[in-house]
Structure formats: C-alpha cells, structure tokens
Amino acid sequence: MKNKKYNAETERLMDLMINSIYTNKEIFLRELISNASDAMDKMYYIALNDDNVKFNHEDYYIRITPDKEKRTITIEDNGVGMTEDELVENLGTIAKSGSLDFKKLNEKNEEHEIIGQFGVGFYSAFMVADEISVLTRSYKEDEAHIWKSKGAKGYTIESGKKDSHGTIITLHLKENSKDEDYDKYLDEYKIRELVSHYSNYISYPIKMEVEKKRPAADSTEDDPKFESYREDDILNSSVPMWRKNKNELKEDDYNNFFRQRHFGFEDPLAHIHISVEGVISFKAILYIPSRRPFDFLNPDRKGGLELYSNGVLIMEKCEDLLPDYLNFVKGVVDSEDISLNISREMLQKTRELQLIKKNIEKKILEELAKILKNDREKYAQFFKNFGISLKSGAYENYGADKDKLKDLFIYTTTKRENITFNEYRKDMAPDQECIYYANGNSIESVKKLPQIKHFMEENIEVLALTDPIDEFVIKMLEEYDDKKFKSISETDATKEEDEKNLDDYVKKMKDILSGEVSSIRENPNLKDDAAYLSSKGEISIEMEKTLSHMPNNQGFKADKVLELNPNHPAVKKLKDMDNDSEEFKNYTELLYDGARLMAGLDIKDPIAYARNVSKLM
Ligand SMILES: Nc1ncnc2c1ncn2[C@@H]1O[C@H](COP(=O)(O)OP(=O)(O)OP(=O)(O)O)[C@@H](O)[C@H]1O
C-alpha cells in the first residue's frame, strides 16, 4: 500500500474547498453522478478513434446503492475508470480536472457533453463523508486500484479486484450531529429527490435497487397477501424534453412537462421551444402561464428560469435570463456555453448570458405579438394577468424598453374592447389632433366622467386607463405614431381665461379656494355637472392619488383647475349671489368639495360638507 500526503497548500485548499465553496451539502451527489456520466462519455469519445473499444449507449449506467447498516452510499459506473497514475493525477491533486484535459483533446459532440472542468467536484463528497474509497479499473488494463482518503491529511492507494472497467465510489457518511442528519442520504426517497432535482437529465440511466411489493403466490381475493421483492428502478428521465425535436412533441407533452416541473396546475397559455446554434448555443422551453401565481404582486417574489448546463441543474431560479418585466415566464434553459463558477451555484455575468437573455426576450415578445394578432381573446386573458408587468417594463429604466413594448398594450375605449394603440391610431379622424385618454377605476366610471359626454357627442374615441400605472406609461411614451397622448382632464393652457377677464364671481371664488386650486374657469362642454376638477402640468389628479399611496410619497400635488358649467342652475345661482355673503362662501366650498369627490379625492372637512348639504336641503 502506498501512503501519499497532500502538500501543505493542498491541505489548506482542501479544507477551504470542503467548508467554503458549496453552500449546500446535498450537491455532492450531483457532482459524483456528473463524474460518472463524464467517465462514460469518455468511453464514447475513445471508441470514435479506437477500433478495439466498442461503445453501445445501452450498456452504460450509473448505480446508486445505500447501505443503512454500514452507513455507506456507493456510486458506481462502468466508464473509463482510472489507472494508478490517473488516480494520483486526478484525485490526488485538487483543481486538476482530467475531464477538462480530455475535453480539450477531443472534439465536441452534440449528444455527449463532458461536464467536469474545475477539478474540485469530487471533494464535495467530504462535506457528507469522513472517509471515501474509490475502487477503479481503467479500460486500458486488467488491474484495479483502491484509493482511500479521510480528507485533508492524505490518501492511500493499493491494488484491488474488479471484474470490468469502471469506478465504484463508496462514501462512509459522517456521524449525525445536532445540526446535520447525514442518515437522510441513505433514504430511498431522499436519493430519488436529489437525482430528479439535480441529475434528472443525465443521459445514462441512474439505477437503484429498491424494495417493492407484489401479490404473493398464495394470495386470493378474500385473503390478499403480499410479498416483498427487490428490483432496479431508474431514477432519472434521461432525455430532456428540450433536446427533443419539436416535430416529435405534441401540445400534451409540453403541458405535461409544465405540470411535472411544478410550473403550475393548469395548462399554460402558450409555450415556446427554442433551439439556437451559433456564437452561443442553447435550448429552452418557456411557458406563459394561464394564471398569475398567488404571490405575483409580492415585491420579494423570485421569478426566473431553471438553468441547466449539459443536463445538470445549476440554478432553480435564474433571474439573469429574463428582463424583470418578463419574470412571470416559466421554463428551462440548457446551455453548455455559460460560464459557471467553481461551485456551479452561480453564474458569471458574461456576454454569453446577456446574449441568451436578449434572445429569449426577443422570442417571447414575438410569441406575444403572434398571439395578439391571431387570438385576441387569448391575448386579452394574458394581458389581464400580466399586462401590468409589460407596462412596468415600458416605464422602468427611463423607458429604455418602451418602443419594443408599446405595440403589445391593449386597452378598452369608450367604443370598443382590447384594442392596440395602432388600431386606435388607424381609426382616428384625420383632423383629430391627439390620442385621448381618461382615468377611472373601470370603463363604467370613465363613461360617467363629466367631460366625457363632449367626446362622445363629437364621436371621439377615448382610451380608458384603469390601472394606476397606465398614466405613468402614457407619460413615458408621450406619443404614438406622431400623435401626442392627452388626458381629457388636462386643461388646455391656450384656452385658459386671462386673469384680467375673469368674472368677479370667479375672482372671489379663487380667493376663497386659494391654495387649493390654481385657476378656475368656465367650461360650457360640461353637460350635466356643475363643477369638475381638471389639472394642468405634468402631474395629473390620478397620478397624485397613485403617488400618495407610495412608500416614499413626497407630497406631489396636481396643479388643479376648477371647471364650472356656466349653464348649470347651481353656477347660475352662485353668479347672482352677493360675493361677500357667507352663503357664497358655503356654495363655493360645496361645489369644490363635490368636484373633489367626483375626482376621487378626499375632502378636508367631511362633517362641514355634510352639514352644508343638509342645510341646503
Ligand atoms: N467516476 C470517475 N471515473 C473516472 N474518472 C473520474 C471519476 N470521478 C472523477 N474522475 C476524474 O477525477 C477528476 C477530478 O474530478 P472532480 O470531480 O474533482 O473534477 P471535475 O469533474 O474534473 O471538475 P468539476 O469540479 O467541474 O466537477 C475528473 O476530471 C476525472 O478525470
């Protein structure tokens, strides 16, 4: 037996490795399975150039065997195995990846992708084991070797016996402590869970012998009896859906995959299957869900896509693959071209990642445009759920993405439902100067706005903005196809009365309401109501309301204009009153408070308002 010590640096490095690189102990199984898969892939590459080596994919497998009594778990493969020199090279030297060297020497091939590259994954097993032994026989020789180590101090190598090439790695689990239960890794269900979570798409079967029950030979309907027997189960699915050809897959396959991956309970609204080869290669299956997740509006909700590299799960929720405004999209992305960090728990934010993200964004927006064009009802369902995300996309980052999103918005108008800006614009009368919009909680409340009647009579279509974010988006867009957006509640500065020409009664009202409104004017377009509040300038009344609910509310106020209907009896009466009387003051305040209420704003003194109304009655 040969005793070998790691040198001092290696010893320290190993300690760092075992205790600091990984945040999650359970990834040890992923690492050992990936090594086993690499060892079998190597056989494939070798067979390409060596006629003496035959490779038949069906003959290769990985076997996991837990032993509860001995407290060991073994991972076996029938891959290339290692010679004594290779054992020293690969397992005796940290950060030496035999797999990376191998990959450099051999050409890439679509179906066989070697995973290892850093030369550290193997040592992650020391997070759960205090002793590891590796029995291995290289395909090149008949002799087998046993490598054993208890961690940082060193390792031994001795000869062993093994009938065929391959490697059997046995982990002697650490003693349970009050912080960690290592026995769980011996549990059938835990092993199943870990394999299906991290290594489901390894292209070789991962087998485990499990206990099953079947009716016994002497079992009858009246006296059912069962006997136990042991049989191999395959724990992984082998071929990832996204590697299959689109033509082989049916709608049902995509829907089943959506449910299997726990993306949602109901069938998704749409799926997108992407396969890109080029500067960067990746495959993806993405879904637009048909429902909002229950925590959709929770600001701490983590979206993101599942990220695989060569079929091994790297991240469950990778947010860097989607722009924020698409973070409702679910699905998986698999790429061999992404730069992983050493623990495979994180990604380097590289150009490759940016390229995948851009590509995914483009594909999703194209799919949405397609649904919008071909199936308006389906799109309306999507927009009801996730329109708010697209809207925030147009608004955030100083409107950087607004142009790619503006044609995906749909609105209800005073004339029709679910129309795009483009459709509104096309149907505008040639002399209509602006695209008009109005705010309200619903289309019904928009239709009740005092100034809407005028637009209805003139047959001018008005967009109903019913989401608080809508007006912010419209302000960000400013215009669509050369036509400015304009609120029907925005006072036209040019039409505003010159201060000097104001009637005396209006001047007096301005004094009474000083600090509340910046101007008062008569507006004959108001049909049924006596008074109405509009605004001028950047901040509308709707925005004032929305901003007042924000956590960092800085007290933004709209510049308010009180519009009076000169044909309304109440205004006529006010005109005839003595401007200096108490009654005139009361009437003015009543009209103003009424206008505030109609605009959905609070009034300062509800008690005084109610008393005033009662007095009048
Ligand atoms: N089951 C195995 N069969 C044959 N060789 C193996 C096996 N497991 C490990 N090796 C060899 O040991 C080397 C080191 O393995 P280790 O898991 O530490 O790193 P890696 O897989 O190369 O890289 P990474 O850290 O990225 O996983 C591998 O590159 C490979 O050459």
Side-chain angles (χ1 to χ4, degrees), residues 6 10 13-14 16-18 20-22 27-46 60-65 73-106 112-129 132-141 144-149 151 155 157 160 162 164-171 198-199 202 204 206 309-314 336 338-348:
Y6 293 119
T10 310
L13 189 61
M14 185 130 154
L16 185 83
M17 260 280 327
I18 298 167
S20 321
I21 290 192
Y22 302 99
I27 58 84
F28 80 91
L29 194 58
R30 173 189 79 180
E31 293 299 321
L32 297 182
I33 291 174
S34 298
N35 283 350
S37 164
D38 281 353
M40 295 186 287
D41 269 358
K42 286 175 194 166
M43 286 304 288
Y44 163 80
Y45 286 107
I46 290 161
Y60 288 86
Y61 64 89
I62 297 166
R63 175 178 294 286
I64 301 179
T65 315
I73 174 166
T74 61
I75 293 98
E76 177 185 350
D77 66 69
N78 52 355
V80 277
M82 283 175 272
T83 61
E84 184 175 349
D85 286 350
E86 282 166 346
L87 270 176
V88 175
E89 275 259 292
N90 296 329
L91 301 188
T93 324
I94 295 187
K96 166 80 192 171
S97 172
S99 294
L100 184 64
D101 296 348
F102 189 93
K103 206 161 21 177
K104 284 184 188 151
L105 284 174
N106 290 273
H112 294 261
E113 295 295 352
I114 290 186
I115 304 158
Q117 52 174 316
F118 296 113
V120 298
F122 173 80
Y123 304 98
S124 66
F126 281 113
M127 291 192 295
V128 298
I132 301 178
S133 71
V134 179
L135 168 62
T136 183
R137 188 180 129 186
S138 165
Y139 75 101
K140 292 184 250 183
E141 54 188 29
H145 302 280
I146 303 171
W147 178 100
K148 270 192 194 158
S149 172
Y155 58 91
I157 295 185
K162 195 172 179 312
S164 54
H165 61 82
T167 303
I168 301 173
I169 297 178
T170 305
L171 312 186
Y198 292 107
S199 310
I202 289 290
Y204 300 92
I206 302 174
S309 179
N310 289 327
V312 179
L313 180 70
I314 303 299
E336 66 207 67
I338 44 169
S339 308
L340 303 171
N341 80 347
I342 200 162
S343 67
R344 291 200 169 77
E345 287 172 4
M346 268 188 301
L347 289 172
Q348 328 275 28

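In listed order, ligands and their atoms are each counted from 1. One is the number of the first residue; the rest follow in order along the sequence. We use all heavy atoms of the structure for the numbers below, so side chains are in, but hydrogens, waters and symmetry mates are not.
Below 4.0 Å from some heavy atom of Ala39 lie the following atoms of ligand 1, by number and element: 3 (N), 4 (C). Atoms of ligand 1 found under 4.0 Å from any heavy atom of Glu31 (numbered from 1 in listed order, with element): 27 (O).
In this structure, Lys162 places its NZ atom where more than 12 heavy-atom neighbours from other residues, nucleotides or ligands lie under 6.0 Å away.
Considering only non-hydrogen protein atoms, atom 23 (O) of ligand 1 sits nearest to Gly119 N, 2.9 Å. For atom 28 (C) of ligand 1, the nearest non-hydrogen atom of the protein is Ser99 OG, 3.6 Å. Of the protein's non-hydrogen atoms, the one nearest atom 7 (C) of ligand 1 is Met82 CE, 3.8 Å. The protein heavy atom nearest to atom 22 (O) of ligand 1 is Ser97 OG, 2.5 Å. Atom 16 (P) of ligand 1 has its closest protein heavy atom at Phe122 N, 3.5 Å.
Ranked by closest heavy atom to atom 17 (O) of ligand 1, the top entry among Leu91, Asn35, Asn90 is Asn35.
Here Asp77 has side-chain heavy atoms under 4.0 Å from ligand 1, and that is the only part of it that gets that close. Looking at Lys42 against ligand 1, only its side chain comes within 4.0 Å, counting heavy atoms.
Below 30°, between 30° and 60°, or above 60°: for Phe126 and Tyr123 the angle between ring planes is below 30°, a parallel geometry.
Expressed to the nearest 0.5 Å, how far CD1 of Ile73 lies from CG of Leu29 amounts to 5.5 Å.
For ligand 1, none of its N or O atoms has an N or O atom of Ala36 under 3.5 Å away.
Residues satisfying the ring-ring contact (aromatic ring centres under 6.0 Å, His included) test with Tyr198, not counting sequence neighbours, are none. Legend: residues meeting ring-ring contact (aromatic ring centres under 6.0 Å, His included) with Tyr139, ordered by chain and number and at least two apart, are absent.
Of the possible polar contacts, none joining the Ser37 side chain to the Ile33 backbone as a donor-acceptor pair under 3.5 Å is found. Between the side chain of Thr83 and the backbone N or O of Ser138 there is no donor-acceptor pair closer than 3.5 Å.
Contact detail for Asn78 and Tyr60: the closest heavy-atom pair is O-CE2, 3.0 Å.
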